Protein chains: 2
Amino acid sequence: MENLERIERPTPLPEPVARHTGFVLYKVAQFLQEALDRALEPWGLKTRHYTVLAVLANRGPLSQQAIGQKARIDRATMVKVVDDLERLGLVERRRNAADRRLYDLTLTDAGGETVAATEAAVLRAEADALSPLSEEQRARLHELLASLFAPGP
Amino acid sequence: MENLERIERPTPLPEPVARHTGFVLYKVAQFLQEALDRALEPWGLKTRHYTVLAVLANRGPLSQQAIGQKARIDRATMVKVVDDLERLGLVERRRNAADRRLYDLTLTDAGGETVAATEAAVLRAEADALSPLSEEQRARLHELLASLFAPGP
DNA sequence: TATTGTTATACTCTATAACTATA
DNA sequence: TATAGTTATAGAGTATAACAATA
């Protein structure tokens, strides 16, 4: 009972590498990744499945390749991810009428519900993982990280 | 010649997941990791080799297990990492006289020089990767990330 | 000829379990 | 019996190349 409210945190890095932002960043990212994977486990999903579902929910029907390019998942891996999602009844592969090489990947009703539920779970997991930071600090962290990306194409 | 001074930056995430700090963090960490691996390539090293060398340089002779615990590298993996470092002539395995199951891993002279050179390379790579941030912003980022670790044991 | 999706393959990284030598 | 290091093996995750259907 003694560790009831104790949230697992990443253990500190040994001294020399703890001064490298790159190493600290990598470690924190690993920790967040594990928290997100745990949060998605009840649905039998990993973060890349969630990414595909979330992109589909926001950008309507897309081909596997189109999603893969957005999410940086190569097409061979996309096949397996979509296999998983199809097996779970969350997306459907429908041939594009205009170009029959393409699929129009579409969310099923169950897929739509799953996106909503998993998004809430992901947000909770992130809030938990980042709970040592205030709301303002979290926003600041997000902003600093976002500024490292290239200007959008 | 047109892209001469252009530094590769991570491409932005697609809209829904770009709002998740966890996903942004993971992506930035991947980018940093790649930059560090590229920086260490001239020495035939990866980040985990550098970690072991850096810990050894700061904490004197240690057993494989002791380093592994600090750096979160399991003992089977440590064997291969130390094999690599030994093959490169950067560390030596000397049996601990008091407990002959243990090694006293020690840096060779070449190992010491390599630590200094690679540390400089790693710092340069980090500075490059984080160059869109001011010095103050970098320090702030590091501080925010560091506060997510558990209090040291 | 080029492209989407598929399959098979390989390579890296990591984790597990069994083995040895020492304690 | 327990521990440090070793070895073999297996499981993810990811990348590459060849193939079929379609353009």
Side-chain angles (χ1 to χ4, degrees), chain A residues 10-11 23 26-27 29-34 36-38 40-41 44-52 55-56 61-87 91-106, chain B residues 10-11 23 26-27 29-34 36-38 40-41 44-52 55-56 61-87 91-106:
Chain A
T11 54
F23 285 77
Y26 188 75
K27 185 98 175 188
Q30 236 179 2
F31 165 60
L32 258 293
Q33 169 87 334
E34 283 161 18
L36 296 188
D37 278 338
R38 262 198 309 280
L40 292 170
E41 213 168 59
L45 302 175
K46 304 231 162 166
T47 50
R48 70 199 121 93
H49 300 103
Y50 173 76
T51 302
V52 170
V55 170
L56 271 180
L62 286 169
S63 72
Q64 294 184 183
Q65 192 111 303
I67 297 176
Q69 276 162 4
K70 287 183 195 303
R72 286 284 171 130
I73 302 169
D74 81 359
R75 58 188 190 164
T77 305
M78 274 299 296
V79 173
K80 290 176 194 171
V81 174
V82 176
D83 282 350
D84 295 339
L85 294 173
E86 203 176 38
R87 199 176 314 115
V91 305
E92 279 176 16
R93 283 177 162 116
R94 300 183 189 156
R95 281 290 173 193
N96 181 306
D99 185 341
R100 296 188 45 72
R101 293 172 303 181
L102 307 176
Y103 285 128
D104 286 332
L105 286 188
T106 54
Chain B
T11 54
F23 285 77
Y26 188 75
K27 185 99 176 187
Q30 237 177 2
F31 166 61
L32 258 293
Q33 168 85 338
E34 283 161 18
L36 296 189
D37 278 338
R38 261 197 312 278
L40 292 170
E41 214 167 59
L45 302 176
K46 304 230 160 165
T47 49
R48 70 200 123 93
H49 300 104
Y50 172 77
T51 303
V52 169
V55 170
L56 271 180
L62 286 169
S63 71
Q64 295 185 182
Q65 192 110 301
I67 298 176
Q69 276 160 7
K70 287 183 195 302
R72 286 286 172 129
I73 301 169
D74 81 358
R75 59 188 189 163
T77 305
M78 273 299 295
V79 173
K80 290 176 194 171
V81 174
V82 176
D83 282 350
D84 294 339
L85 294 173
E86 203 176 38
R87 200 176 313 118
V91 305
E92 279 176 17
R93 285 175 161 116
R94 299 182 189 156
R95 282 290 173 193
N96 181 307
D99 183 342
R100 298 188 43 75
R101 293 172 302 182
L102 305 176
Y103 286 127
D104 287 331
L105 286 188
T106 55

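All values derive from a computational prediction rather than experimental measurement. By convention in this document, chain letters (A, B, ...) are assigned in the order of the sequence lines, proteins followed by strands, and residues within each chain are numbered from 1.
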Legend entry - Salt-bridge present (A/Lys80, A/Asp83; N to O < 4.0 Å):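 A/Asp83 and A/Lys80: not salt-bridged.
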Protein and nucleotides 15-17 of chain C: nitrogen or oxygen contacts under 3.5 angstrom:
none

[X] [atom1] to [N] [atom2], straight-line distance once rounded to whole Å:
X        : N      : atom1 : atom2 : result
B/Asn96  : C/dT22 : CG    : C1'   : 12 Å
B/Asp84  : C/dT14 : CG    : P     : 13 Å
A/Arg100 : C/dG5  : CZ    : P     : 13 Å

Inset, instruction - Return the 5'-most residue of the pair A/Val79, A/Arg101 with respect to DNA chain C, ranking by each residue's nearest nucleotide. - result: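 Its nucleotide being nearer the 5' end, the pick is A/Arg101.
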Legend entry - Ring-face cation of A/Arg95 near A/Tyr103 (centre distance under 6.0 Å, axis angle within 45°):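 Judged by the rule (NZ or CZ under 6.0 Å from the ring centre, within 45° of its axis), A/Arg95 counts as positioned above A/Tyr103.
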Rounded to the nearest 0.5 Å, what separates atom [atom1] in [X] from atom [atom2] in [Y]?
X        : Y       : atom1 : atom2 : value
A/Arg75  : A/Ser63 : CZ    : OG    : 11.5 Å
A/Leu36  : A/Tyr50 : CG    : OH    : 9.0 Å
B/Lys70  : A/Thr11 : NZ    : OG1   : 11.5 Å
B/Asp104 : B/Gln64 : CG    : CD    : 11.0 Å

Legend entry - salt bridge (Lys or Arg N to Asp or Glu O under 4.0 Å) involving B/Glu34 - partner list, sequence neighbours excluded: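 Salt bridge (Lys or Arg N to Asp or Glu O under 4.0 Å) check on B/Glu34 returns nothing, list empty.
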When you check the phosphate oxygens OP1 and OP2 of [N], does a side-chain N or O of [X] lie under 4.0 Å from one of them?
X        : N      : value
A/Gln64  : C/dT4  : no
B/Tyr103 : C/dA21 : no
A/Arg93  : C/dT6  : yes

Legend entry - Closest heavy-atom pair and its distance - A/Val52, A/Ile67: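 Smallest interatomic distance, heavy atoms only, reads CG2-CG2, 4.0 Å.
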Legend entry - Closest contact, heavy atoms only, B/Leu62 versus B/Leu56: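 In this case the closest contact between B/Leu62 and B/Leu56 is N-CD2, 3.9 Å.
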Legend entry - B/Met78 vs A/Asp99, nearer the 5' end of DNA chain D by closest nucleotide: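 Checking each residue's closest nucleotide, the 5'-ward one belongs to B/Met78.
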Inset, instruction - Heavy atoms of chain A, cut-off under 4.0 Å: which first and last nucleotide of DNA chain D, 5' to 3', fall inside that, if you could look? - result: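 The contacted stretch runs from D/dG13 to D/dA23.
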